[in-house]
Amino acid sequence: MKKWLMMLVTVMIGFIVLAGCSNDDAASGDGKVEITYGFWDKKQVPAINEIIKSFNEKYPDIKVKTEITPYGQYFQKLETAATGSALPDVMWMNGAHVNQYADGKVILPLTDLAKKDNYSLDNYPESLIELYTVNEDIYGIPKDLDTTGLWYNKKIFDEAGVPYPDDTWDWDKLKEVAKKLTNKEKGIWGYAALMGNQGGYYDFIWQNGGYIISKDGKSVGFDQPEAIEALKYNVSFIEEGLSPTQAQMTETAASELFSSGKIAMMFDGPWMVPEYKKNPDVDVAVVPKGKQRAVAIHGLANVIAANTKHKDAAWKFVQFLGSKEAAEIFAATGTVIPAYNGTQDAWKQAVPTINLQAFIDGIEYSVPLPSVKSTGEIWQYEIDVLKKAWSEEVSVEDAVKELTKKANESLSNE
């Protein structure tokens, strides 16, 4: 039995015990209930604190305690917390893990709660509702959505006398300009070849006509010619000295190098707006195209732990997090693109100095991130295996051979 299945058995036993002894929404001596809210992005803390403040104006007896865990440790911490029945009452969830957590009964189905309160799911993009629907039950209320943009430093472009990126750019143009902007004397790289899948090699694979997971969900496409060509294009920036090495981007995050003017261009998402807007030289354009245009689209959702002792309070908070009021708070800060329909323009106008329309344009040719039960496991294999290609320890061909074997084994065990 796999480690994950063993964990789920433990979790389910814990649920049974809790079901017999918990007192749902039991209040403390002063009549107040405290719930915990788990998430991973510290850049969103100001907006979240403001939302909690507004929530407490409506529900003063529900105290919300925040728990921030870096993304790299977030889901590992959730697994540990689940086995010990110590999950946050409300938490962020991504598409890669929702099937796994829903099937394992770690998170609560929200369909009946939504029907009971006439909570409309029509306020969100249909694709996001589908992403968080498992076996015809909705498990998460969409919070935000994101695509990918080509962030660039105008000052570096100006000093080199190079025109800014636009929608005519393709792979060849990106490489050509990266060469012009790389300045070893000044310690400037033309481009950051990130190893990330979303906002990275997934986009390139799709742009090159490849796929990540087959339509029947039985195999991955990393070893296909289109994917190999896309991955080799990624790595070529490092090989040619146009990008920091994998070791350099591990020691100092590419986002930090970009913010400090050491990288001229990089793919990144709208979640970086709060950080990048601090630099007046920064702007963003649509990503260059390959054989076709394509960028990943994804969005986070708020979910409720199945073993919460405060289901009613947690549901009230999740509803508020998914409200137009909360979306407008996120929009005003420019933190993320809110998922609530009709609030995206407010997000775009929140930071008029940056061309945020680039992310909205990306929705038109976006591709949903793949979501299967073993997505999280496959993502980990990608990190473990592809970093050897990005570090130039092995060839792309050898890396994808190993990755494909491991990923297909995961799919066969679903």
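Only this structure's heavy atoms are used, side chains among them; waters, hydrogens and symmetry mates stay out.
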Worksheet entry | Residue pair K388, E402: steps toward the side-chain contact (heavy atoms from CB on, under 4.5 Å) verdict | CA-CA 11 Å; K388 291 185 285 188; E402 179 184 355; 2.9 Å; yes

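- Atom NZ of K155 sits about 8.5 Å away from atom CD1 of I188, to the nearest 0.5 Å.
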Item to complete: Dump the intermediate steps for side-chain contact (heavy atoms from CB on, under 4.5 Å) on Y101 and L78, then the final yes or no.
Response: CA-CA 10 Å; Y101 280 70; L78 287 192; 3.6 Å; yes

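- Defined by atom type and a distance below 3.5 Å, a donor-acceptor pair is missing between the side-chain atoms of Q246 and K387.
- Ion pairing between a basic and an acidic side chain is recognised when a charged N comes within 4.0 Å of a carboxylate O; K401 and D223 show no such pairing.
- Checking D203 against T148 by side-chain atom types alone, a donor-acceptor pair falls below 3.5 Å.
- Using a distance-only test at 3.5 Å, with no hydrogens or angles considered, a donor-acceptor pair links the side chain of Q207 to the main chain of A294.
- By the ring pair (Phe, Tyr, Trp, His ring centres under 6.0 Å) test, Y233 pairs with W171, F204, F237, sequence neighbours left out.
- Checked against ring pair (Phe, Tyr, Trp, His ring centres under 6.0 Å), Y74 has the following partners two or more places apart in sequence or in another chain: W40.
- Between F39 and Y37, some side-chain heavy-atom pair lies under the 4.5 Å cut-off.
- Classification of K232 and E397 as a salt-bridged pair holds, one side-chain N sitting under 4.0 Å from a carboxylate O.
- Judged as a ring pair (Phe, Tyr, Trp, His ring centres under 6.0 Å), and not counting sequence neighbours, the contacts of W390 are Y201.
- For the residue pair K77/T69, the side-chain donor-acceptor check at 3.5 Å is satisfied.
- When the salt bridge (Lys or Arg N to Asp or Glu O under 4.0 Å) test is applied to E275, the partners found at least two apart in sequence or on another chain are K278.
- Between I156 and V162, every side-chain heavy-atom pair lies at or beyond the 4.5 Å cut-off.
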Atom pairs and distances, donor-acceptor, side-chain atoms in residues 51-58, under 3.5 Å, two or more places apart:
from	atom 1	to	atom 2	distance (Å)
S54	OG	E50	O	3.2
N56	ND2	Y59	O	3.3
N56	ND2	I62	O	2.6

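- Using a distance-only test at 3.5 Å, with no hydrogens or angles considered, a donor-acceptor pair links the side chain of Y132 to the main chain of M93.
- Between the D89 side chain and the T308 main chain, no donor and acceptor come within less than 3.5 Å of each other.
- Proximity of a side-chain donor or acceptor of T375 to a complementary backbone N or O of V372 within less than 3.5 Å is detected.
- Under a 3.5 Å cut-off, the side chain of N234 and the backbone N or O of A230 do form a donor-acceptor pair.
- Salt-bridge annotation for E377 and K406: absent, with no side-chain N of the basic residue lying under 4.0 Å from a carboxylate O of the acidic one.
- In terms of modelled atom types and a separation under 3.5 Å, the side chain of D144 and the main chain of L300 share a donor-acceptor contact.
- Residues S219 and N408 have side chains that never bring a donor and an acceptor to within less than 3.5 angstrom of each other.
- Between the side chain of S395 and the main chain of D398, a donor-acceptor pair closer than 3.5 Å is present.
- Contact of the N99 side chain with the S371 side chain is registered, since non-hydrogen atoms from C-beta on lie closer than 4.5 Å.
- In summary, K63 and E34 engage in a salt bridge, as defined by a charged side-chain N under 4.0 Å from a carboxylate O.
- No side-chain heavy atom of L411 sits under 4.5 Å from any side-chain heavy atom of K218.
- The distance from atom CG of N153 to atom NZ of K262, rounded to the nearest 0.5 Å, is 11.0 Å.
- Here the side chains of N307 and L87 are in contact, with some heavy-atom distance below 4.5 Å.
- Judged by distance alone, the side chains of K143 and Q44 do bring a donor and an acceptor atom under 3.5 Å apart.
- For the atom pair I337 CD1 and I363 CD1, the distance stands at 6.0 Å (nearest 0.5 Å).
- Contact of the S323 side chain with the E328 side chain is not registered, since no non-hydrogen atoms from C-beta on lie closer than 4.5 Å.
- A donor-acceptor pair is defined here as one N or O able to donate and one able to accept, closer than 3.5 Å; no such pair exists between the side chain of D137 and the backbone of T133.
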Practice prompt. Please test I205 against I212 for side-chain contact (heavy atoms from CB on, under 4.5 Å), starting from the C-alpha separation and ending with a verdict.
Written response: CA-CA 8 Å; I205 290 173; I212 310 305; 3.9 Å; yes

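- For the residue pair T245 / Q248, a side-chain donor-acceptor distance below 3.5 Å is found, with atom types taken as modelled.
- Remark: F222 CZ to L231 CG distance equals 8.0 Å, nearest 0.5 Å.
- The side chain to side chain contact (heavy atoms under 4.5 Å, CB included) test with Y119 is passed by exactly one of I141, L113, V318: I141.
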Worksheet item: So S259 and N279, side-chain hydrogen bond (donor to acceptor under 3.5 Å, both in side chains) or not? Walk me through it.
Response: CA-CA 7 Å; S259 294; N279 186 337; over 6 Å; no

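- Between the side chain of E67 and the backbone N or O of P88 there is no donor-acceptor pair closer than 3.5 Å.
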Worksheet item: Given the rule in the side-chain hydrogen bond (donor to acceptor under 3.5 Å, both in side chains) test, do W151 and D283 qualify, once you have shown the distances and angles that lead to the verdict?
Response: CA-CA 6 Å; W151 289 89; D283 206 344; over 6 Å; no

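- Residue N94 holds its CG atom at 9.0 Å from CD of Q198, rounded to the nearest 0.5 Å.
- Ring orientation note: the planes of Y71 and F75 are nearly perpendicular, at an angle over 60° on the 30°/60° scale.
- To the nearest 0.5 angstrom, Y191 atom OH is 7.0 Å from L150 atom CG.
- A side-chain N or O of D384 and one of Q380 form a donor-acceptor pair less than 3.5 Å apart.
- Sparse packing is recorded around CD of E136, with 12 or fewer heavy atoms of other residues, nucleotides or ligands lying under 6.0 Å away.
- We find that K43 and D41 are joined by a salt bridge, their nearest charged nitrogen and carboxylate oxygen being less than 4.0 Å apart.
- Q357 is listed as a side-chain neighbour of K348, based on a closest heavy-atom distance under 4.5 Å.
- Taking 4.5 Å as the limit, some side-chain heavy atom of L131 sits within range of a side-chain heavy atom of H298.
- A search for ring pair (Phe, Tyr, Trp, His ring centres under 6.0 Å) contacts involving Y152 returns F157, Y164, not counting sequence neighbours.
- A donor-acceptor contact under 3.5 angstrom links the side chains of N208 and E229, judged on distance only.
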Practice prompt. Any chance you could lay out the salt bridge (charged side-chain N to carboxylate O under 4.0 Å, His left out) test for E364 and R293, step after step, and finish with the verdict?
Written response: CA-CA 9 Å; E364 180 182 349; R293 290 196 180 280; over 6 Å; no

Item to complete: Apply side-chain contact (heavy atoms from CB on, under 4.5 Å) to the pair L403 and L386, showing each step before the final yes or no.
Response: CA-CA 8 Å; L403 173 58; L386 292 182; 4.0 Å; yes

Discussion item. Quick one, Y276 with F258, criterion ring-ring contact (aromatic ring centres under 6.0 Å, His included). Give me CA distance, side-chain angles, the key distance, then yes/no.
Written reply: CA-CA 9 Å; Y276 291 162; F258 178 72; 5.0 Å; yes

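- No hydrogens or angles considered: a donor-acceptor pair under 3.5 Å links the side chains of S236 and K175.
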